[in-house]
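In what follows, a single structure is set out as structure tokens and then discussed.
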Amino acid sequence: MQYWLMKSEPDEVSIDDVAAAPARTVPWFGVRNYQARNFMRDGMRVGDQAFFYHSSCAEPGIAGIVEISSVAYPDASQYEAGGKYFDPKATPETPRWVSVDVTLVRKTALLPLRELRTHAELEHMKLLAKGSRLSIMPVEAGEWRYITQQLLA
DNA sequence: GCCAACGTTGGC
DNA sequence: GCCAACGTTGGC
């Protein structure tokens, strides 16, 4: 069992959007970074859990917990000509980008990035590293436990 | 809106 | 394969 953190702009897909989706499940689409893609494709297993993180918004932070509910499959948005996520080099025969499905476990009170930064126990989190911009990253088991038990209790 | 940090592209 | 130029991310 691996733990993850996944960033989404709430203007695009928020934790409430996941809660409102059929079966509380949405495809995670639009990842266009190879490292993040490889985490989805090679690292994620059905049943893994992830922090759902709101980024690029007034109050960035952890907004809930989701579970990975599918293995990786081709991201449909890469084929949508004219769309924001279109990739002219991707074809159905040789897809370049993948999605996984995520299912809501629970929405939480927002745990702001500002707050995360104040905990010495979390100082090594990849999320908090200077210049870190990855949209999908692994979370250490100890960090996961600390955040879920002490901060999202 | 600014800008630091990082990733990608493409000429050579 | 180098690296400058450019584009993107994302907090502030």
Taking [atom1] from [X] and [atom2] from [N], how many angstroms apart are they, rounded to a whole number?
X	N	atom1	atom2	result
A:Met137	C:dG10	CE	C1'	11 Å
A:Glu12	C:dG10	CD	C1'	14 Å
A:Arg96	B:dT8	CZ	C1'	10 Å
A:Asp11	C:dG10	CG	P	14 Å
A:Tyr85	C:dG7	OH	C1'	15 Å

Nearest-nucleotide 5' precedence on DNA chain B, A:Lys89 against A:Asn33: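 In this pair, the answer is A:Asn33.
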Measure from the side chain of A:Gln35, starting at C-beta and using heavy atoms only, and say which of C:dG10, B:dG7, B:dT8 lies closest.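 Selected nucleotide (nearest to the side chain): B:dG7.
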Check whether any side-chain heavy atom of A:Trp97 sits under 4.5 Å from a side-chain heavy atom of A:Asp87, and report yes or no.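 Yes, at least one pair of side-chain atoms sits under 4.5 Å.
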Side-chain touch A:His54/A:Ser14, heavy atoms, less than 4.5 angstrom: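 Of all side-chain heavy-atom pairs linking A:Ser14 with A:His54, at least one is under 4.5 Å.
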Checking the side chain of A:Ser8 only, and the main-chain atoms of A:Val13 only, is there a donor and an acceptor separated by less than 3.5 Å?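 Yes; judged by distance alone, with no hydrogens or angles, the pair exists.
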Taking the basic N atoms (NZ, or NE/NH1/NH2) and the acidic carboxylate oxygens, is any pair closer than 4.0 Å for A:Asp101 and A:Arg24?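 Here A:Asp101 does not pair with A:Arg24 in a salt bridge, since their nearest N and O are not under 4.0 Å apart.
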Less than 4.0 angstrom from a charged side-chain N to a carboxylate O is my criterion; do A:Lys107 and A:Asp16 meet it?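 Looking at A:Asp16 together with A:Lys107, the answer is yes, because their closest N to O distance falls below 4.0 Å.
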Apply the test salt bridge (Lys or Arg N to Asp or Glu O under 4.0 Å) to residues A:Glu12 and A:Lys84: give CA-CA distance (whole Å), side-chain angles for both, the deciding distance (0.1 Å), then the verdict. CA-CA 12 Å; A:Glu12 191 153 15; A:Lys84 181 177 174 188; 3.5 Å; yes
Taking only side-chain N and O atoms of A:Tyr53, does any of them lie within less than 4.0 angstrom of OP1 or OP2 on C:dG11?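 Yes, within the criterion.
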Filtered N/O pairs between nucleotides 1-6 of chain C and protein, under 3.5 Å:
none

Which donor-acceptor pairs under 3.5 Å do side chains of residues 122-139 of chain A form with protein atoms, sequence neighbours excluded?
| from | atom 1 | to | atom 2 | distance (Å) |
| --- | --- | --- | --- | --- |
| A:Ser132 | OG | A:Lys126 | O | 3.1 |

Heavy-atom count check: over 12 atoms from other residues, nucleotides or ligands less than 6.0 Å from A:Arg145 CZ?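 Counting neighbours around CZ of A:Arg145, 12 or fewer heavy atoms of other residues, nucleotides or ligands fall under 6.0 Å, so no.
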Starting from A:Leu110, can I reach A:Val66 by hopping between I/L/V/M/F/W/Y residues whose side chains sit under 4.5 Å apart?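 No, no single cluster joins them.
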Do any of residues 111-134 of chain A sit with a heavy atom less than 4.0 Å from DNA chain C, and if so which?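 By residue number: A:Leu113, A:Arg117, A:Arg133, A:Leu134.
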